[in-house]
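Single-structure report; data block below.
Order of the sequence lines sets the chain letters (A, B, ...), proteins ahead of strands, with each chain counted from 1.
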Amino acid sequence: MRSLSLFAGLFLTSAAVADTPVLTVYTYDSFISDWGPGPAVEAAFEAQCSCDLQMIGAGDGAELLSRVKLEGTRSEADIILGLDTNLMADAMKTDLFEPVSIVADYAVPNGWNNKFFTPFDWGYFAFVQNVGLETVSNFRELADSDLKIVIQDPRSSTPGLGLLMWVKAAYGADAKKIWNDLNDNIVTVTAGWSEAYGMFLEGEADMVLSYTTSPAYHIIAEQDNSKTFAAFDEGHYMQVEVAGKLRSTDQPILADQFLKFMVSDVFQDIIPTTNWMFPAVTPTGGLPDGFPKALSAKKSLIFSPSDAALLREDALLEWQAALSQ
Amino acid sequence: MIAGDEDILNLKQTCFRQGKFALTANFEVSKGARIAIIGPSGGGKSTLLHGISGFLKPTTGQVLWEGEPMSDHPGERPLSILFQDHNLFPHLCVADNIAVGINPNMRLSEEQILLAKNALDQVGLSEKAADFPRDLSGGQRGRVGLARILLRKRPLILLDEPFSALGPALKDEMLELLSQILDLTEASALMVTHDTNDAIRFGDQAILVAEGLAHEPQEIQSLFSNPPPALKEYIGDRA
Amino acid sequence: MAGSVIAISLRLIFGGAVITALLTFSFGTAAVVALRGHGFGPLLPTDLSAIRFTLWQALVSAFLSVSVAIPVARALSRQSFFGRRALITLLGAPFILPVLVGVLGLLSVFGRSGWISELLLFFGLGRLSIYGASGVILAHVFFNLPLATRFILQGWSGVPAERFRLTDSLGANSWSRFLLIEWPMLRGVLPGAFVLIFLLCLTSFTVALAVGGGPKGTTIELAIYQAFRFEFNLGKAASLATIQFGLCGIVALLAFLVPLPKVGDIGLDRLAHQFGARKHRRLDIIWISGAAGFLILPLSAILFRGLGGILSLPGQVFSASITSLLIALISTGVCIFLALGLSLSIAYSRLNTQKIVEGISVLGLSTSPLVVGTGLFLMIFPFVNPASLAIPVTAFVNAMMAMPFALRVLIPAVRDIYNEYLHLRLSLNMGRGIWLMRIVFPRLRRPVGFSAGLVAALSMGDFGVIALFASPDLQTLPLILYRLMGSYQMDQAAAVSVVLVAQSLFLFWIFDRGGRGHTES
């Protein structure tokens with residue numbers, strides 16, 4: 001299934017057995033890490049599909065889309081998992097995705113009715129920090145403070161793009177000023193979420209752009225109560241992560257099966273304690289203790305996919321202009 | 001012009017150009033002659049040698065050997081050359097360095113191997129056959145070059161200040177060895193030298209090369225006792 | 001005079017082909033990128049600031065590298081101390097050190113949680129942060145200070161011993177010595193060193209990627225990479241690529257006006273002179289220790305951190321190192337074959353060697369590997385999935401990028417052989433086969449070995465083109481290193497660095513050693 005040159009083929013271990021059908025899923029790197037959902041998802045799906053599930057990490061969410069554009073119809077992938085609502089319009093414009101409608105009892109705020117993409121989890125962006133650090137409750141306070149933050153590049157990372165949209169949603173035309181003021185707080189801009197979060201954990205920055213659910217990871221998995229997030233007055237921007245099926249897939253039935261599996265109880269139950277996001281369909285077991293609550297509708301900011309697509313370019317220009325100084 | 005059977009090398013109204021420099025030469029060399037080529041630096045001595053050896057083609061005139069024009073390819077001319085430097089291939093041992101003299105492929109017949117060994121013996125380097133140039137002294141390297149010349153047995157030998165880096169005693173030794181080889185092979189020899197003593201020691205005749213003109217060979221003693229103005233300027237007051 | 005018609009034609013064809021390939025590489029791929037992007041994309045203000053930043057940091061880096069190198073080289077040229085020879089050899093190391101490894105080392109020492117920050121925190125001061133311009137310049141100076149020092153040291157060794165004696169006999173003091181000896185020497189060496197280092201910093205990618213810190217620390221190469229991978233905006237990539245090429249071209253033209261220093265292992269072992277050695281010993285030792293510390297600390301930081309973890313590295317590191325090795329070997333083979341062929345094909349020509357060598361070197365340096373990689377990617381794209389050709393393409397691009405270095409070593413070497421022994425060969429009527437096999441090639445063994453070692457080491461540590469082609473299933477050591485650094489698994493990253501450096505050094509050593517043989521000539 002993986003078409004490599006003769007040389008590479010000699011040196012890479014490929015688990016593909018000739019007869020078993022292979023379903024290839026492109027996703028973001030942290031999804032397939034050892035402590036992410038990947039391993040459990042693979043095991044669970046392979047148990048019911050008698051196939052080989054290959055999950056391949058291709059950077060962070062936004063880079064995923066670039067990769068899809070790059071590979072076009074020749075892509076080996078069947079499913080793209082890890083885009084979000086900010087990217088959906090752009091993704092649909094590529095004409096590479098197949099409409100697919102998976103029915104489920106979605107617990108996503110504001111519901112779900114997109115023809116092409118299926119959500120699998122959602123969350124709120126927030127700045128994560130250590131407990132005990134001076135708290136700020138909005139962007140202006142953050143910009144005025146001396147706190148050092150690490151963020152992601154909106155062109156390659158969905159949290160990065162999310163932050164961009166967040167500031168835009170909260171401040172509209174004033175977004176530019178916010179970014180100008182934030183410039184001296186930013187330690188660096190990483191390509192993806194993993195790098196940024198890793199830096200934060202190493203003490204390279206005081207705060208990192210992540211999710212309200214990130215502290216839950218430390219509490220539940222590590223019994224570590226030292227992390228918290230800064231609740232912002234403006235509200236928090238929402239991210240709904242989605243998966244789509246490629247038109248060029250050679251395993252359409254298997255792909256549909258996977259998407260159905262994705263909103264089923266088995267998959268959704270894995271999500272909270274591996275991806276540390278809210279599941280798109282509430283599993284029968286409910287959410288684990290220690291998970292934060294959902295925010296009120298007023299505090300849940302989100303642009304529709306088409307609006308996000310419209311605003312993105314200008315927001316990006318503002319961001320780049322402010323950070324280039 | 002009919003070449004006497006005494007004259008084997010004939011530079012017939014030749015002119016050689018090297019860059020902006022031009023050298024005119026029109027003379028004959030007889031068989032068995034030993035001619036020193038002398039003159040101030042920049043005067044054209046090396047140019048003359050290059051012209052005779054074939055590295056430089058004459059723009060006018062011809063270089064004749066026994067009445068016939070010489071081949072364009074230096075390797076096909078009936079001569080051996082000893083340069084000022086870089087006479088030995090550093091990566092070949094002494095035996096191979098000599099062997100390339102008769103067969104550039106270094107594959108020698110039984111007979112040729114014997115001849116090579118002989119040549120080595122004659123210059124007194126028999127035990128050095130397997131050594132490399134870097135293991136030899138300056139004088140020994142000179143002798144290897146001479147051994148190769150001996151082996152090749154060409155009727156014309158050209159030398160471009162080959163012993164200038166050696167001390168006086170060694171130089172005399174080399175000149176003596178050269179003389180023996182010339183006796184053995186009955187070859188003609190032209191040697192560029194800037195040392196007038198070496199010139200007198202080596203040669204019967206001398207060609208003065210100055211200001212782009214190679215004069216005719218002249219009997220060496222008479223040349224030095226009654227030097228023309230160009231030569232006088234070159235040698236100064238030394239007798 | 002130089003051979004049959006066939007031979008001449010073959011030579012011309014081969015030489016011409018290689019030169020055409022080099023040119024296509026530089027110009028052609030930029031053109032392809034432009035075509036595919038449907039013309040050139042517009043440049044945004046942020047791109048303009050990337051251009052400004054690229055120029056500015058290159059200037060500052062080159063200036064700093066060269067300025068600091070002056071006192072360090074002076075000190076090294078006259079002081080003898082334990083380990084002097086080792087230190088001078090070590091100065092050649094950062095050239096072949098993989099950039100990522102160097103950056104990792106610098107972060108370990110100068111980063112926000114590095115040794116110096118810990119020290120500062122201990123004294124109640126704030127942490128050191130090197131993201132942004134400061135980090136980029138620091139890294140560039142780290143890599144180029146040793147280079148500049150070597151160049152100036154070469155300058156010192158080039159001054160004839162008599163001149164020192166003459167100056168001394170005239171009763172000169174420090175200032176006069178500077179005027180009579182050092183300044184004229186520096187005037188000859190510095191411009192070339194500066195231009196070379198400026199060019200190297202201009203095309204910097206990996207450093208900007210690792211410590212650039214975002215838009216404020218973005219170089220043009222990095223912007224090309226981002227336009228390509230993050231946005232798939234080929235028009236922009238094309239515009240930036242063309243600008244990069246133009247900038248480098250202009251600087252490269254400058255390089256023609258100055259004598260460029262030689263790349264090679266010149267005997268720098270003996271002390272050039274002793275003047276002022278005793279009087280200034282203390283100061284000199286400070287300079288030397290400072291420079292040595294600056295270079296050694298980051299490297300030892302990695303060694304410390306990494307040695308322990310080698311055994312617990314996952315299996316994919318092993319297969320990645322094989323892949324890297326394969327790429328390096330292919331690059332080396334291709335590069336040396338082409339470089340040798342080109343050198344031999346121009347051996348007879350009357351062209352001025354110096355000029356050819358400079359021209360080619362400079363052309364190579366002003367080519368952006370990312371532009372080339374992108375162009376190739378696009379050329380292949382319509383026919384085959386580029387990811388499947390990632391290895392051969394990377395190897396080929398590495399070979400091309402390393403050609404200038406190989407040529408700088410080989411062209412003069414071949415010319416010397418021909419100048420010295422061609423007459424002898426012709427006078428003996430020696431055929432081409434024997435001439436090449438028994439005379440030329442054995443004589444070339446040493447320069448070929450050295451340049452092969454350089455190319456192999458450079459290719460092993462390369463992180464430029466491979467980043468463009470990086471598909472999830474392609475693993476080379478630098479790629480793994482980058483991913484580990486990204487996910488902040490610093491201990492594992494250090495371990496992989498040790499493996500990478502060891503492998504690069506081993507490759508260099510084995511080729512260089514092979515070239516020297518068991519005897520020196």
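- Heavy atoms only, all atoms of each residue included: Arg229(C) and Ser66(A) are closest at O-CB, 2.9 Å.
- Using a 4.5 Å heavy-atom cutoff, the side chains of Val68(A) and Phe232(C) are not in contact.
- Side-chain atoms of Thr46(C) do not come within 3.5 Å of backbone N or O of Ala321(A) as any donor-acceptor pair.
- Atom CZ of Phe230(C) is separated from atom CZ of Arg67(A) by 13.0 Å, given to the nearest 0.5 angstrom.
- Near-neighbour residues of residues 310-319 of chain A relative to chain C, defined by a heavy atom under 4.5 Å from a heavy atom of that chain, comprise Leu317(A), Trp319(A).
- Of the two parts of Ala322(A), neither the backbone nor the side chain holds a non-hydrogen atom closer than 4.5 Å to a non-hydrogen atom of chain C.
- When the candidates Lys148(A), Arg74(A), Glu63(A) are compared by the number of heavy-atom contacts under 4.5 Å with chain C, Arg74(A) comes out ahead.
- At a heavy-atom separation below 4.5 angstrom, chain C is approached by Ile186(A), Val187(A), Thr188(A), Val189(A), Ala191(A) within residues 178-191 of chain A.
- Other residues, nucleotides and ligands place no more than 12 heavy atoms under 6.0 Å from the NZ atom of Lys176(A).
- In terms of heavy-atom pairs under 4.5 angstrom with chain A, the leader among Pro215(C), Ser49(C), Gly111(C), Gly214(C) is Pro215(C).
- Gln226(C) has its side chain within reach of Asp153(A): a pair of non-hydrogen atoms, C-beta onward, lies under 4.5 Å apart.
- For chain A, no part of Val211(C) is nearby; none of its heavy atoms comes within less than 4.5 Å.
- Residues Glu231(C) and Lys69(A) come closest through the heavy atom pair O-NZ, 4.1 Å.
- In terms of non-hydrogen atom pairs under 4.5 Å with chain C, the most contact-rich of Ser194(A), Gly192(A), Ser156(A), Ser157(A) is Ser156(A).
- Here the closest non-hydrogen pair linking Gln320(A) and Leu44(C) is OE1-CD1, 4.3 Å.
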